[in-house]
Amino acid sequence: MRGTVHVERDVPVPMRDGTMLLADVWRPAGSGAWPTLLQRLPYDKSSSFMAQHIVGLEPVQAVESGFAVVVQDTRGRYSSGGSFNPFFDETEDGLDTIAWIRAQDFSDGRVGMYGASYIGATQMLAASAAPEGLVAIAPQLTASEYHDGWSYSGGALQLGFLLLWVAESLAAVDLLRRPAGPGLDRARETLLEILRDPHAAYARLPLDRDDLAELAPYYREWLGHPARDVFWQVIDPGAAHGRMNVAGLHIGGWHDIFLEGTLRNYTGLRTRAPSPWARESQHLIVGPWAHGNLGDYQGDLWYGYGGASAALDLTAVHTEFFRAAAERRPADLPRARIFVMGANVWRDEDEWPLSRAREVSFFLHGEGGANSAGGDGRLGTEPPGPGEPADHYVSDPADPVPTAGGATFLPGVLLGRNSGPKDQATVAVRDDVLVYTGEPLSEDLEVTGEVVVELYAASSADDCDWAVRLVDVHPDGTGYGVVDGILRARYRRGLDREVPLTPGEPELFRFALGTTSQLFRRGHRLRVQVASSNFPRFDRNPQRWIPVHTAGPDDMRPARQTVFHDASRPSRIIVPTIPS
């Protein structure tokens, strides 16, 4: 259905406290009532790049397909009134906006929400309150909670993402609203310092500083709550999946910083939504993408012309999904559509996770010690014997292992410059990285699902990090990262409490590296890298029993790390393989 599109700019939408949030309304010309799609964003509704291109839905095409579209600046952002406090106002403001839409002549009372990243958070937080009239959400590249997977990962601060998000996307507009004075001048100078040299800003200690608090008070709050406490629990939409009676279109990327949240939102609503219709109306799309980069080039690899989101026509996918939700019918979409990297093909699945996956363990073997005169350690499917000696390295937070790709949000994010599959050559040769490499594969091996590591290890410190990466080693010897994760040891017994290590005492550390879909080709080799830092993607652990966010340069301590792999302590990586 094509016709004239009518656009109203800066329409005031009243909130319950009297604050006015401004919105642009796109609708078919003439009288009528249509199902309405809502995007609530903090990144400027007037920006065609942020409000249209990045989210994968063009308002004009949506209107031509029979929808009205409302694009609103969230509280305290750009044209809207009030003060911005990330996450905490989005539930009530979302409810008030949906109620306002349903009272307008252009709306037929059925509302869908869409958008990526923080715009996905505005959807999840509104849906957590089960507002009347909300029939569908399409959260893209977003999390299921805002502690683990957004601000922290395995207890380590997502430093690379948080500081850059504040500097690139949040702080500048906030400063325009502040009154003149010394505080504003200090905040401006801090912002300029970060933008001039983000990597120098990452390296400054302590993390919690007055100048950063002046720039972004909410950043200090995030630092001050490293455990999953009540601060985070009150803004946890994942805990409300059972109240969300909505259809869901969940779009993620294998290299996206928020991938695990996308998958948890899908599985949570698929199993816990309050009606059979909602549970059956969940759909999942995962491409080979990183955050902000939905193209076919990621990191150092090209995934073929089909790897870009443009190959899917996400606007057409969205409009079919929302039309089906409005009509309470099944959408003409696969249950799950995933991109298998390495094979570089899209594949439709009837379920997620895949029940046909079979867990295979690859065990760490030292054979003289990784990075020793004996060369790399070995990776194999046979368990270790009783006499295998442990491997050792010294971790020094003053000289951390540099980030090399992965699910990152670092400078160059829109180009995928520092995310995705990056060459691990400069990391693998370091003395503080253990390397375990398998034999060349005799046949293709597909790994699709969550990758888990079980590491028997000890530290001379009372706290440290364990950072592990799975690598695809090509026949020419180049190793590209596939998936990696981290565990801050003090949180090994739960993210809601801190327990110190007993120095020198071996323990089992079990944690997920993340989820992937990767075909390891015949002739390729699997490799596992073990370290105690991944900086600046994650903050540095001072390796002392002190608050990490207040640690200064003089608080950093080297630690001797030991990784065991013998018959009684068989360190291994567990991968979900798909039978060919």
Side-chain angles (χ1 to χ4, degrees), residues 1 5-42 45 51 55 57 59-60 62-75 79-82 89-115 119-139 237 240 243-249 269 273-275 277-278 281 318-329 331:
M1 178 175 64
V5 177
H6 181 77
V7 182
E8 296 177 79
R9 301 286 186 182
D10 293 328
V11 178
V13 181
M15 299 294 103
R16 64 190 65 188
D17 64 353
T19 301
M20 288 292 178
L21 308 188
L22 301 191
D24 294 342
V25 179
W26 306 59
R27 60 177 175 81
S31 61
W34 299 274
T36 304
L37 307 183
L38 169 64
Q39 180 189 172
R40 305 189 62 251
L41 77 162
K45 63 181 173 55
V55 300
L57 191 154
V60 170
V63 171
E64 291 176 343
S65 298
F67 296 92
V69 178
V70 175
V71 183
Q72 180 190 64
D73 286 330
T74 55
R75 179 181 292 258
S79 67
S80 288
D89 294 310
E90 305 304 354
T91 299
E92 290 188 351
D93 287 354
L95 292 178
D96 293 347
T97 303
I98 292 168
W100 177 86
I101 288 173
R102 299 183 74 237
Q104 305 307 302
D105 291 340
F106 64 77
S107 172
D108 68 2
R110 298 173 294 179
V111 179
M113 298 183 74
Y114 71 98
I119 315 168
T122 66
Q123 299 174 60
M124 296 301 299
L125 289 164
S128 68
E132 185 176 358
L134 182 64
V135 298
I137 57 175
R243 295 197 297 269
M244 299 182 186
N245 195 34
V246 293
L249 174 63
L269 288 171
S275 72
W277 169 78
S281 300
H318 277 89
T319 53
E320 164 57 20
F321 165 73
F322 283 120
R323 175 65 64 193
E327 297 172 356
R328 304 285 282 201
R329 64 167 173 83

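The model shown is predicted, which means the values in this text are computed figures rather than measured ones. Counting from 1, the numbers follow the sequence of the chain as shown.
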**Prompt:** Considering only heavy atoms from C-beta outward, does the side chain of Ile119 approach that of Thr122 to under 4.5 Å?
**Reply:** yes

**Message:** If I compare all heavy atoms of Ser128 with all of Thr91, which pair ends up nearest, and what's the gap?
**Reply:** OG-OG1, 4.1 Å

**Residues Met15, Thr97; criterion side-chain contact (heavy atoms from CB on, under 4.5 Å); working and verdict** = CA-CA 7 Å; Met15 299 294 103; Thr97 303; 3.5 Å; yes

**Item:** Heavy-atom closest pair, residues Leu22 and Pro12
**Value:** CD2-CA, 3.5 Å

**Request:** Mind checking the OG1-CG spacing from Thr19 to Asp93? Nearest 0.5 Å is all I need.
**Result:** 7.5 Å

**Student check: side-chain heavy atoms of Leu38 and Ile98 closer than 4.5 Å** = yes

**Asked** Should Asp17 and Arg75 count as an ion pair when the cut-off is N to O under 4.0 Å?
**Response** yes

**Asked** Run the side-chain contact (heavy atoms from CB on, under 4.5 Å) check on Asp96 and Val13 step by step: do they pass?
**Response** CA-CA 8 Å; Asp96 293 347; Val13 181; over 6 Å; no

**Item:** Shortest non-hydrogen separation from Leu269 to Met244 and the atoms involved
**Value:** CD2-CB, 3.5 Å

**Asked** Do Gln39 and Lys45 come within less than 4.5 Å of each other through their side chains, counting heavy atoms only?
**Response** no

**Complete:** When rounded to the nearest 0.5 Å, the distance separating CZ of Arg9 from CH2 of Trp26 is 5.0 Å

**Request:** Work out which heavy atom in Leu125 is nearest to a heavy atom in Pro237; give both atom names and the distance.
**Result:** CD2-CD, 4.1 Å

**Asked** Roughly how far, to the nearest 0.5 Å, is CE of Met20 from OG of Ser79?
**Response** 12.5 Å

**Complete:** Taking every heavy atom of Phe321 against every heavy atom of Ser281, the minimum-distance pair comes out as CE1-O, 4.0 Å

**Request:** Go through the steps for Phe67 and Leu57 under the test side-chain contact (heavy atoms from CB on, under 4.5 Å), then give the verdict.
**Result:** CA-CA 12 Å; Phe67 296 92; Leu57 191 154; over 6 Å; no

**Message:** What's the separation between atom CD in Gln123 and atom CG in Leu134, rounded to the nearest 0.5 Å?
**Reply:** 8.5 Å

**Message:** Tell me whether Arg27 forms a cation-pi arrangement with Trp34, defined as NZ or CZ under 6.0 Å from the six-membered ring centre and within 45 degrees of its axis.
**Reply:** no

**Request:** Kindly give the heavy-atom pair with the smallest separation between Asp73 and Leu21, and that separation in Å.
**Result:** O-CB, 3.9 Å

**Message:** Check this for me: Glu92, atom CD, are more than 12 non-hydrogen atoms of other residues, nucleotides or ligands nearer than 6.0 Å?
**Reply:** no

**Polar side-chain atom of Glu320 near backbone of Ala331 as donor-acceptor pair, under 3.5 Å** = no

**Prompt:** Think Arg110 forms a cation-pi with Phe322, using NZ or CZ under 6.0 Å from the six-ring centre and within 45 degrees of its axis?
**Reply:** no

**Prompt:** Are Val70 and Asp24 close enough that some pair of their side-chain heavy atoms sits under 4.5 Å apart?
**Reply:** no

